[in-house]
Every structure is written in structure tokens, then in C-alpha cells.
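Basis for what follows: all heavy atoms, side chains included, without hydrogens, waters or symmetry-related copies.
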Amino acid sequence: EDSERVKLETDVHRIVSMRGKGHTNFVEYQNCKLIYRRYAGLYFIFGVDITDNELLLMETIHLFVELLDQYFSNVCELDIVFHFNKVYGILDEYILAGEVQETNKRVILDRMREFEKLE
């Protein structure tokens, strides 16, 4: 199982990082579609069903990055690495079990502040 995950991560990274700027941010991979956006040095990649709406997923990624940026005040890779639990918390408030739960940035960030008070 671990070797399969590592192979998947390696393949996805290779495919996405080698694509030129002239290509779309959508690529079919095995039985799914990879949708990605690059912000500075960070790639945000979603693996979705072939029939899912690419533009909706691009907006989903963008809103997630905006949430991270506002929460961490100009997010960088180190924020994600050292505060991965908070990143997962933001993601859970936004998307849970593959379904969008909330799209209002203020509501999501307010919930995260409430969780911080409980810590």
C-alpha cells in the first residue's frame, strides 16, 4: 500500500511539474483527471472523476489557497509543513468527504479562530 502511494505521488509530481505553461491545468491520469494550479513554488493538485467540471475545481483550488493565504498571512510552504493540522482543519471546514461544505471565507476563518480558542 505504501509503495503504491509513493508511486502515485511520484507519477503525479512528474506529470504536473514537467508540463509547460502553454498546457492546460487539466491532465488525464489513469482513470481520473488531475486538476492543478501553481502558486509561486506550491502546486495544489486535485485528482477527480473524469466527468467532473474542471473550472469548478480550479475555483475550488483558488478559494482554498485564498483561505490559506488569509489564515497564515501570505502562506508559504513552511506554513503548510509545520501547521499541517491547521491546513487540514481549513480543508475540512471547506470540503468534507468530497463535498463542499462552506464557501464563505469569513465563516470558515471564524470557525478556525474558534477552534484555536479551544486549543
Below 4.5 Å, heavy atoms only, C-beta onward: do [X] and [Y] meet side chain to side chain?
{"X": "Leu68", "Y": "Tyr39", "value": "no"}
{"X": "Lys86", "Y": "Phe72", "value": "yes"}
{"X": "Tyr29", "Y": "Leu8", "value": "yes"}
{"X": "Thr60", "Y": "Tyr94", "value": "yes"}
{"X": "Leu34", "Y": "Phe26", "value": "no"}

- Message: If the test is side chain to side chain contact (heavy atoms under 4.5 Å, CB included), which one of Arg111, Met112, Gln70, His83 qualifies with Ile90?
- Response: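 Of the listed options, the one satisfying the test is Met112.
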
Mind checking whether [X] and [Y] sit in one hydrophobic cluster, side chains of I, L, V, M, F, W, Y counted as touching below 4.5 Å?
{"X": "Leu109", "Y": "Val107", "value": "no"}
{"X": "Phe64", "Y": "Ile45", "value": "no"}
{"X": "Phe44", "Y": "Leu91", "value": "yes"}
{"X": "Ile35", "Y": "Val65", "value": "yes"}
{"X": "Ile80", "Y": "Val16", "value": "no"}

Write down the atom of [X], the atom of [Y], and the distance for their closest heavy-atom approach.
{"X": "Leu63", "Y": "Lys105", "value": "CD1-CG, 3.4 Å"}
{"X": "Asp49", "Y": "Lys33", "value": "O-CE, 3.9 Å"}
{"X": "Val100", "Y": "Thr103", "value": "CG1-CG2, 3.5 Å"}

Kindly say whether [Y] contributes a backbone atom to a donor-acceptor pair with the side chain of [X] at under 3.5 angstrom?
{"X": "Arg37", "Y": "Glu59", "answer": "no"}
{"X": "Gln30", "Y": "Cys32", "answer": "no"}
{"X": "His13", "Y": "Thr10", "answer": "no"}

- Message: Please determine whether a side-chain nitrogen of the Lys or Arg among Arg113 and Glu116 lies less than 4.0 Å from a carboxylate oxygen of the Asp or Glu.
- Response: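 Looking at Arg113 and Glu116, the cut-off is not met.
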
- Task: Show your reasoning for whether salt bridge (Lys or Arg N to Asp or Glu O under 4.0 Å) applies to Glu114 and Lys117.
- Result: CA-CA 5 Å; Glu114 289 296 317; Lys117 290 177 186 175; 3.3 Å; yes

- Message: Quick check for you: to the nearest 0.5 Å, what is the distance between Arg38 atom CZ and Arg19 atom CZ?
- Response: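 Arg38 atom CZ to Arg19 atom CZ measures 14.0 Å (nearest 0.5 Å).
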
